[in-house]
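Everything below concerns the one structure shown next.
Order of appearance sets the numbers: ligands from 1, and atoms from 1 within every ligand. Position 1 is the first residue of the sequence; numbering continues from there.
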Amino acid sequence: MTSRYLVLGKNGQLGRCLTRTLDARAGCELVAALGRDEVDLADAASLARLPEGDLGSADPWLLNAAAYTAVDQCESDVDVCHAVNGDAPGALADWCRERNVGFVHVSTDYVFAGDAETPYREDDPTAPRTEYGRSKLAGEVAVLERTPAAWIVRTSWVFGPGKNFVGAIVRQGVLREAGKAEGPLRVVADQIGCPTYAGDLAEAIVTLTQCNQAGAGGLLHLSNSEACTWWDFARAILDAAGYGHVEIDRVSTDAFPTPAPRPAYSVLDTTKARGLGIEMRPWREALEDYLAGDDFSALHQSLRDEVAVAG
Ligand SMILES: NC(=O)c1ccc[n+]([C@@H]2O[C@H](COP(=O)([O-])OP(=O)(O)OC[C@H]3O[C@@H](n4cnc5c(N)ncnc54)[C@H](OP(=O)(O)O)[C@@H]3O)[C@@H](O)[C@H]2O)c1
C-alpha cells in the first residue's frame with residue numbers, strides 16, 4: 001500500500017528533510033509540499049487551499065512542519081505567533097479528521113518549564129515560560145482535543161538545512177580564519193538539551209506514520225540521543241568543521257539576555273519512541289553526517305563568500 005503525504009513548511013529545516021525522505025522512501029508518495037506562499041497559517045481562510053483532491057488513498061497523511069519559530073520575536077508578535085502555532089494546528093486537525101487523513105504535528109521542548117533535572121516524559125506537566133512555548137502548547141491541546149488520533153511530535157535543538165546554531169558557530173570559525181574576528185567565542189554552558197538533526201527527525205516521523213501503532217496517536221518525544229550543553233555542541237561543531245583551534249569560553253545564560261527566557265534543561269525522554277521501534281542515534285553521529293553532506297558544504301561556501309565580500 002502506498003501512503004500519500006502533504007507537507008506544510010516545505011522551506012523550513014524539517015520541511016525540506018521531510019520532502020527528501022518521502023521522495024526516497026519506498027511506499028511513500030509526496031503529493032505536495034507547501035510553503036507559506038501556498039498556505040499561510042496566519043490566515044485561517046488559506047486552509048481552503050490545501051489540495052485535498054490529490055490525497056485520496058488508503059493511507060493519506062498531513063505532516064505539519066510549519067511554525068512561527070522565531071522565539072524572541074514571538075514575545076512581541078504575540079497575535080501572529082498564537083495564530084500560527086496555536087490556532088492553525090487545531091484547524092488542520094479538524095481538516096484531517098473530517099477527511100480521515102492522518103496528522104502529524106510538530107511541537108517543542110519549550111512547552112516545559114525547563115527546570116527539571118531528569119528527562120521530560122510525554123505526560124510530565126507542561127508550564128511554558130515564553131509566548132512561543134505557550135502558543136505551541138495551545139496548538140498541542142487544540143490538535144489532541146479535536147483529533148485524538150493525531151500525533152504530536154515534540155523535539156528540541158533542531159539543526160539541518162536552514163538557519164540554525166551550527167551555521168552561527170561555523171560563521172565565527174570562518175570569520176577567525178579570515179582574520180576578521182579574533183579571540184575565543186562565548187557560548188552558554190549552563191543550558192542542557194539534545195541537538196536533533198532534521199534529517200533524522202524526518203526519517204523518524206515518516207517511520208511513525210508507517211508503524212503498526214500509527215493509528216494510536218498522542219504525544220511523542222523525538223530527539224537525537226545524549227544530552228549536552230550549547231558549549232559542548234559548539235565545541236563539537238568547531239572540531240568537526242575544521243576549526244578545532246578556535247577557543248570557546250564557557251558563559252552563563254545571564255551573559256546573553258534575550259526577550260524570551262531559554263530553558264535551563266530541556267532533555268526529552270524518548271523511551272516511548274523506542275517502544276514504537278524508533279531509535280534516534282547520538283547527536284554527534286548525526287552532526288558528522290550533516291557536516292559531511294551537501295547542505296553543509298553549500299552553507300560553508302556561502303559563509304566564506306559572505307565573509308570575503310564583507311571586506
Ligand atoms: N528549530 C528548533 O530548534 C526547534 C526546536 C524544537 C521544536 N521545533 C519545532 O520543529 C518544527 C520545525 O521547525 P524548523 O526548525 O524546521 O523550523 P524553520 O526552519 O523555522 O521552518 C519553519 C517553517 O514554517 C514556515 N512558516 C512560518 N510562518 C508560517 C505561516 N504563517 N504560514 C506558513 N508557513 C509558515 C516558515 O516559512 P518561511 O520559510 O516562509 O519563513 C518556515 O519554512 C516546528 O514546529 C518547530 O516549532 C523546532
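Partner of Leu201 under the side-chain contact (heavy atoms from CB on, under 4.5 Å) criterion, out of Val153, Leu18, Asn224, Thr21: Val153 alone.
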query = Can you list the steps and then say if Arg20 with Asp23 is a salt bridge (Lys or Arg N to Asp or Glu O under 4.0 Å)?
reply = CA-CA 5 Å; Arg20 291 174 192 172; Asp23 279 339; over 6 Å; no
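Classification of Glu122 and Arg154 as a salt-bridged pair fails, no side-chain N sitting under 4.0 Å from a carboxylate O.
Residues satisfying the side-chain contact (heavy atoms from CB on, under 4.5 Å) test with Phe165, not counting sequence neighbours, are Ile169, Val187, Trp230, Phe233, Ala234, Ile237.
Sorted by chain and number, the residues within 4.0 Å of ligand 1 by heavy atom are Asn11, Gly12, Gln13, Leu14, Arg36, Val39, Asp40, Leu41, Ala42, Ala65, Ala66, Ala67, Thr69, Val84, Val106, Ser107, Thr108, Asp109, Tyr132, Lys136, Thr155, Ser156, Trp157, Val158.
Rounding to the nearest 0.5 Å places NE2 of His105 at 6.0 Å from CG of Asn64.
Using a 4.5 Å heavy-atom threshold, the side chains of Tyr120 and Asp109 count as separate.
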